[in-house]
Amino acid sequence: MLEFLPEVLSSLTQPLNMLLLCAGVLVGIIVGALPGLTATMALALLLPFTFTMESDTSLITMGGLYIGGIYGGCISAILINTPGTPSAIATTFDGYPMTKKGQASKALAAAAISSGIGGIIGGLALLFLTPILADWALNFGPPEYFWVAILGLTMIATLSSGSMLKGLIGGCIGLLLGTVGISPVGGESRYTFGFSQLQSGLELIVILIAFFCIPEVISMIENKVKSQKSVKKEKGIVKTLFFYIIKKPFFLIRSSVIGIITGIIPGAGGNVASLLSYDAAVRFSKDKKSFGKGNVDGVVAAETSNNAEVGGSLVPLLSLGIPGAPPAAIILGALMMQGITPGPDLMSQQPGLVYTFLIAFVAANVVMIIFGLMGSGYIGKVLSIQVSYLAPSIVFLTIIGSYAIRNNFLDVALLIGFGLLAYVMKNAGFNPAPIVLGLILGPIAERGLAQSMLLGEASGNVFALFFSRPISVVLIVLCVLSILLPLLSNLFGAKNEDSQEKLGA
Amino acid sequence: MKKLTLIVVSMLSAVLVLAACGADAGGSGNAENYPSESITYSIPFDPGGQSDVEARRQQPYLEESLGQDVMIQYKPGGGGSVGWSELIGKDPDGHFISGINIPHIILQPLANDDTGYQTEDIVPAAIFQATPIGIAVSKDSDIESLEALVNKAKESPGSITVAGSGRYSGHHIALLQLQDLAGIDMQYVPFDGAAPSIQAFLGGNAEVIFGNSSDLIKYEDDMNILAIGSEKTFKPLPDVPTFKELGYDMTPGIDRGVAVPPETNQEVIDTLETAFLDILDEEGVEDEMYNEGFEPKRMGHEESLEYIEQKTEEYSRILENVEGD
Amino acid sequence: MQKVNYNTISSVILIIVAGIAIWETRGLSEMSYVFPRTIEIILLILSIAYCLKSFIRPTTNSLFEGIDKRKVLVMSLAMIGYVILISLLGFLIASIIFLGSLTWYLQRDNHEKSSKTKIVHVSISAVGVSVFFFVLFRYVFLVPLPSGLLLG
């Protein structure tokens with residue numbers, strides 16, 4: 001790739017490209033932070049403008065926007081418990097509790113640093129490992145999707161604070177919500193109750209906002225002391241945090257690897273990546289109980305992996321022409337409109353363009369860290385607004401957001417309906433996290449299951465298809481470990497408080 | 001304080017006046033001076049998809065010939081059904097138009113009762129493009145021709161796996177048609193779109209794939225394309241026989257066009273028909289389409305209606321056969 | 001809510017939901033029902049276990065304990081009302097009414113400001129926020145926000 005360096009550098013150092021890179025990141029952050037406006041949507045809005053740009057300029061701008069958008073989602077996740085994009089779900093688990101403790105700035109800064117590091121690692125993987133990773137991605141067939149989803153579901157154990165039984169029930173409810181709409185393999189419509197709009201299923205973002213944000217807004221007004229807590233400004237916090245984070249290389253690499261792998265697998269996005277990485281962080285931590293109560297490691301794990309996922313999701317796009325995530329699909333469209341058809345030979349036909357994009361991608365992450373850190377001190381100020389103004393405005397924003405996703409009024413009604421249901425359920429001890437987990441993983445699991453059954457029927461051995469493929473076996477072992485390890489550690493490490501609590505639940 | 005109150009009151013009234021104006025403007029629609037305002041061109045699929053690529057190509061030409069802004073709106077969901085359900089409820093003044101895909105608009109109402117529109121509700125103004133559907137096997141496969149595939153399927157019914165995008169979709173109906181004509185039975189595995197089905201095929205999870213011409217061209221080096229669904233030899237793939245040439249009377253493909261809500265004025269339809277079909281005469285447009293793997297088509301309103309009717313009959317028959325099994 | 005344990009009530013609701021969901025899968029083909037029906041059966045079993053547990057080890061506290069029920073009720077009704085208003089009056093006007101009235105209600109305990117000042121502040125913020133975001137979405141992000149049945 002060195003022979004392309006002059007071309008890459010001359011393209012990147014053009015003032016217009018640099019300016020648009022920064023602008024892309026900034027706009028991405030803003031759009032990502034608004035609930036309901038996603039990175040996908042921002043890219044779609046940008047699409048017509050890229051039409052008139054040079055192909056390198058359009059790719060650089062889109063890359064910046066994509067990166068900014070995924071990071072921006074964490075801002076609303078941390079401040080108002082509302083994932084701005086689905087990728088930021090796991091960020092709410094510890095980010096919002098940190099805000100409640102008055103550490104919003106710290107959480108935002110940690111998110112910026114770890115997002116940037118994750119993004120850079122993802123970018124480097126994209127730069128150097130694309131051909132190898134792409135081949136690997138092809139080994140992922142329907143049975144593997146099924147097992148990945150099952151592995152994800154074992155996280156219910158980590159995510160259900162309180163009662164495990166309620167966590168499992170919540171997971172089932174989420175899985176059921178995920179079956180609304182046209183069956184992915186059977187082609188028949190289910191549980192639409194006559195609403196044709198429901199044929200495309202429940203919109204994930206609407207359900208996310210309903211389950212995470214609405215209950216929180218209601219609690220906010222009911223108990224008005226909470227959010228008036230001022231954001232503490234600590235001096236030198238950025239430096240301390242930075243060293244705190246980079247002193248955990250294993251932790252960072254693990255989170256990034258999870259993100260990259262999840263990104264490569266088409267169909268599983270940043271939301272799955274951040275959840276899996278959060279789960280791993282909790283499981284490997286010595287201090288499990290502090291998660292969910294404002295442990296900065298939870299934010300770091302989630303943000304590192306969802307930004308590493310961005311790099312991963314571009315791997316199949318650049319090497320095979322298959323978009324790994326919805327935003328990548330739009331970048332594919334932009335390329336096609338430029339007259340470039342990404343396919344297996346993109347890298348050999350347009351090497352200069354591809355490398356320019358990749359280097360710009362890494363640079364965009366650096367820009368993002370800078371913007372994120374600059375903003376972290378100020379953005380937290382949002383919380384000092386009086387509840388009487390803040391709470392209605394949040395409801396207002398979520399309503400716009402849920403409508404904007406697909407211009408569908410039914411989504412607005414569903415948002416409020418599910419939001420109120422979520423408030424009642426939360427008070428009855430049902431944590432929203434397992435429900436949302438089920439909703440995300442349900443369709444992946446169902447497709448994997450049904451497609452594998454069809455493939456198995458044809459080969460005459462359904463059982464072998466599920467249990468004998470190499471990646472499947474690895475995934476199955478991980479599932480079993482994930483279920484058994486907590487039980488075993490409870491048995492051996494007996495009599496600590498943790499195990500008593502789990503038994504009691 | 002009074003000053004502030006005054007400001008607020010004036011702002012409120014300004015907003016109300018604006019809103020009232022908006023309400024007025026929305027209702028008017030006169031065929032004589034059509035188009036009298038900006039046109040919303042709804043794409044019932046995700047941005048960046050094939051329908052979008054075509055719409056983006058058309059947008060500048062349309063704006064020039066119609067003399068109004070054309071705004072592209074995405075309304076993905078339900079394989080297009082969400083967007084088409086919206087279309088039929090819109091004011092029939094021609095300021096809201098939507099891309100349509102055949103066979104989608106025929107198969108969806110046939111497959112599910114709650115689709116939200118009927119095929120007859122959709123009034124086509126023109127059909128301008130098609131993506132022929134082809135059938136392919138892996139480069140490493142021992143199957144060399146469609147005939148060999150048919151023979152193999154006859155020997156071991158139900159054991160050949162075929163990847164495609166969705167059930168009751170263009171790919172699915174193409175498979176059903178082939179099975180019907182050849183008297184064979186294969187195992188169809190629907191994936192969540194064209195990209196995932198190609199991924200599964202390239203990964204060796206399915207032996208055969210039904211794919212859109214654009215995708216087949218993209219992965220030409222990795223696959224052996226056995227037949228393609230165009231009427232005549234498909235320009236970008238000159239060596240690939242058509243189904244018809246091989247003795248199977250079928251032309252599977254996805255036709256793209258544009259439609260208006262029911263009861264739209266005939267003059268409006270004519271204006272749109274001309275505007276859309278004229279684009280094909282613009283220099284370089286046809287070549288661009290071929291390069292991307294599309295086939296230009298020129299069907300006006302009447303012709304499109306007949307075509308949809310004919311396809312509806314054809315598909316209903318195939319589906320009835322399947323359900324009769 | 002005092003006599004009957006809320007866990008029992010929710011478990012019964014869940015059992016009914018699972019039952020209805022299983023009933024709804026009738027008439028679907030195998031590929032469409034295999035996944036939801038499996039989940040529904042698991043849900044049914046878990047709900048029955050939950051129901052039994054609620055009898056064996058009843059919880060003593062009631063749902064919404066220590067919560068200002070009136071405020072929660074007002075907030076919930078306001079949100080439902082907001083949705084209905086949007087469908088009638090369109091997004092912009094409904095938002096101004098919702099933001100204005102809810103903010104007004106939430107400030108009712110605040111006696112520092114005179115009610116006149118409050119009205120002014122509330123109106124400015126309601127109109128300002130609504131118009132700003134309406135313009136932002138309508139003209140910058142090109143998202144057409146919902147229009148009502150009665151007004152544009």
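Residue numbering restarts at 1 for every chain, and letters A, B, ... go by the order of the sequence lines. A quick note: this is a predicted structure, and the numbers were derived from the prediction, not measured.
- Applying the 6.0 Å contact sphere to CD of B:E120 captures more than 12 heavy atoms from other residues, nucleotides or ligands.
- Of all the heavy atoms in B:P190 and A:Q451, the pair that sits closest is O-NE2, 2.8 Å.
- Both the backbone and the side chain of B:V53 have a heavy atom closer than 4.5 Å to some heavy atom of chain A.
- Contact detail for B:Y168 and A:G186: the closest heavy-atom pair is CE1-O, 4.1 Å.
- Contact count versus chain A (heavy atoms, under 4.5 Å) is highest, among B:Q73, B:E288, B:Q187, for B:Q187.
- Looking at A:F193, neither its backbone nor its side chain comes within 4.5 Å of chain B, counting heavy atoms on both sides.
- With a threshold of 4.5 angstrom between heavy atoms, A:R469 approaches chain B through side-chain atoms but not through N, CA, C or O.
- Note that CZ of B:F201 is 11.5 Å distant from CG of A:L138, once rounded to the nearest 0.5 Å.
- Contact count against chain B (heavy-atom pairs under 4.5 Å) is highest for A:V185 among A:V185, A:I182, A:T40.
- With a 4.5 angstrom heavy-atom cutoff, B:K75 touches chain A only via side-chain atoms.
- Atom CD of A:E54 has 12 or fewer neighbouring heavy atoms from other residues, nucleotides or ligands inside a 6.0 Å radius.
- The side-chain heavy atoms of B:F191 and A:P142, taken from C-beta on, include a pair separated by under 4.5 Å.
- Taking A:I331, A:L335, A:L454, A:L465 one by one and counting their heavy-atom pairs under 4.5 Å with chain B, the maximum is reached by A:L454.
- Here B:S159 contributes atom OG and A:E457 contributes atom CD; the two are 12.0 Å apart, rounded to the nearest 0.5 Å.
- Surrounding OH of B:Y290 are more than 12 heavy atoms belonging to other residues, nucleotides or ligands, all under 6.0 Å away.
- Contacts between B:S85 and chain A at a heavy-atom distance below 4.5 Å involve the side chain alone, from C-beta outward.
- What you find for B:Q199 and A:Y145 is that their closest heavy atoms are OE1-OH, 3.5 Å.
- With chain B as the partner, the residue from A:L198, A:L320, A:N139, A:L43 showing the most heavy-atom pairs under 4.5 Å is A:L320.
- Heavy atoms closer than 4.5 Å to chain A are found nowhere in B:N291, neither backbone nor side chain.
- At a threshold of 4.5 Å between non-hydrogen side-chain atoms, the residues B:N205 and A:F140 do not count as touching.
- Residues A:E188 and B:N112 share a closest heavy-atom pair of CA-OD1, 3.6 Å.
- Between chain B and the residues A:Q197, A:R447, A:E203, the most heavy-atom pairs under 4.5 angstrom are made by A:R447.
- Comparing A:L332, A:L455, A:I330 by how many heavy-atom pairs each has under 4.5 Å with chain B, the most go to A:L455.
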Inset, instruction - Run the numbers on B:D114 and A:S196 for side chain to side chain donor-acceptor pair (under 3.5 Å), then give the verdict. - result: CA-CA 6 Å; B:D114 57 353; A:S196 61; over 6 Å; no
